[in-house]
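Hydrogens, waters and symmetry mates play no part in the numbers below; they use all other heavy atoms, side chains included. In the text below, chain A, chain B and the rest are named by the order of the sequence lines, each starting its count at 1.
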Amino acid sequence: MNGADVKVFFFGKLGEAVGRMVEIEDTEAVTIADLRKFLADQYPHAARELENQSLRACVNDTIVGETCQINGADVEFFPPLSGG
Amino acid sequence: MVRMLSSSRRSPGVRVVIDTRLSHDIFDATSEFARFAQGLTDEGGLVSFVGVARPKTKDGADVESLFLDHHPRLTERSLEEIGQAAAEKFKLDKLAIVHRCGAIAPGEAIVFVAAASRHRRAAFEAADYMMDRLKTDAVFWKREDAAGGSRWIDPTAADRAERARWSE
């Protein structure tokens, strides 16, 4: 079975380290946890940030947990917020 | 975005004006306050706060620029949510939030908040509340570009403690 194509968006520090958006073709990643692991392997210079649980995943504009299934949706990763 | 909301905690027909804006360009806080104050009638207290980009890092280096990364949808939504929460919590008549994004030079305003209420206490507290929430809950990511390099800024323990003061 072929995997889905997924667009992944990064903000803040990771947006700079990885890029604003990467498109992953035919990914085997089913959950957010799988995707983190895949990305950490792809971007070893950013692996520590990618595996840090303070980096939250967001699907359809909602923060989701590690077991959330991606199902071809866009995934966004948010480092801790710092406004004001 | 300006919203006229009926609040469930108010008498029927009484409305609150919530004006939140994400600004991609420099803004003038004095003009914002003048605009905010227009049309107010029954309010006895107006409080505003302006957050300004500092010229020095915490280590004393000269800041060349501050950069605020933002999200194309959720940043504005977070400003609206904080404004609505403040209006409800402090039963305000009117409030405003203006928040910059992008590159900001030292001395420029980053954020402006204002609150108008029948009595001063609610207006003071609402401005304090909005700033504490903007620090930790507004969807921004802040980078300080200084002579010695760039650094992404995480919220501090103090920021989180200030935010926690308002937890129900």
Side-chain angles (χ1 to χ4, degrees), chain A residues 5-24 29 31-32 35-36 39-40 42-84, chain B residues 20 22-23 49-54 66-79 81-82 97-102 104 109-113 127-145 149-160 162-163:
Chain A
D5 295 348
V6 172
K7 285 181 186 167
V8 187
F9 294 80
F10 300 97
F11 295 85
K13 187 177 188 177
L14 275 171
E16 193 171 73
V18 176
R20 179 64 97 197
M21 193 272 280
V22 296
E23 191 160 2
I24 305 168
T31 65
I32 296 295
L35 184 61
R36 276 185 199 264
L39 291 167
Q42 293 292 310
Y43 303 100
H45 67 287
R48 199 160 58 104
E49 279 87 8
L50 286 161
E51 290 172 336
N52 189 329
Q53 292 300 310
S54 72
L55 181 76
R56 294 182 297 171
C58 185
V59 174
N60 294 325
D61 293 349
T62 302
I63 298 295
V64 298
E66 292 300 290
T67 57
C68 173
Q69 301 210 353
I70 301 163
N71 292 327
D74 294 350
V75 178
E76 298 175 305
F77 281 105
F78 293 174
L81 305 174
S82 56
Chain B
T20 60
L22 177 66
S23 176
F49 173 85
V50 183
V52 176
R54 291 190 181 91
L66 204 61
F67 177 74
L68 280 173
D69 194 9
H70 75 286
H71 187 278
R73 297 175 304 279
L74 297 182
T75 298
E76 289 188 87
R77 200 178 298 172
S78 68
L79 299 181
E81 190 275 321
I82 290 167
I97 300 173
V98 182
H99 205 302
R100 283 283 298 277
C101 63
I104 302 166
I110 304 169
V111 59
F112 167 86
V113 301
D128 198 15
Y129 169 85
M130 286 191 280
M131 282 310 305
D132 284 344
R133 290 214 49 202
L134 286 165
K135 281 278 180 187
T136 54
D137 298 343
V139 180
F140 291 100
W141 298 274
K142 190 186 289 176
R143 188 187 69 212
E144 209 170 51
D145 298 332
S150 293
R151 184 175 71 94
W152 288 91
I153 297 172
D154 286 335
T156 63
D159 291 335
R160 293 197 172 94
E162 299 278 16
R163 167 69 181 89

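Classification of Arg54(B) and Glu144(B) as a salt-bridged pair fails, no side-chain N sitting under 4.0 Å from a carboxylate O. Ion pair Lys135(B)/Glu162(B) not flagged as a salt bridge, since none of the NZ, NE, NH1 or NH2 atoms sits closer than 4.0 Å to an Asp/Glu carboxylate oxygen.
The part of Arg77(B) that comes within reach of chain A is its side chain, from C-beta onward, which places non-hydrogen atoms under 4.5 angstrom from that chain. For Asp159(B), no part lies under 4.5 angstrom from a heavy atom of chain A. Both the backbone and the side chain of Phe78(A) have a heavy atom closer than 4.5 Å to some heavy atom of chain B. For a residue to count as touching a neighbouring chain, one of its non-hydrogen atoms must lie under 4.5 Å from one of that chain's; by this rule His70(B) touches chain A with the backbone only. At a 4.5 Å heavy-atom cutoff, the contact between Trp152(B) and chain A is made by side-chain atoms alone.
Counting heavy atoms from C-beta outward, Arg100(B) and Leu66(B) have side chains that stay 4.5 Å or more apart.
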Report the C-alpha separation of Asp69(B) and Arg143(B) in whole Å, then their side-chain angles, then the decisive distance to 0.1 Å, and conclude whether the salt bridge (Lys or Arg N to Asp or Glu O under 4.0 Å) test is met. CA-CA 8 Å; Asp69(B) 194 9; Arg143(B) 188 187 69 212; over 6 Å; no
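For the options Thr75(B), Val139(B), Val111(B), heavy-atom pairs under 4.5 Å to chain A are most numerous at Val139(B).
Nearest heavy-atom pair, Gly84(A) versus His99(B), reported as atom, atom and distance to 0.1 Å: N-NE2, 2.9 Å.
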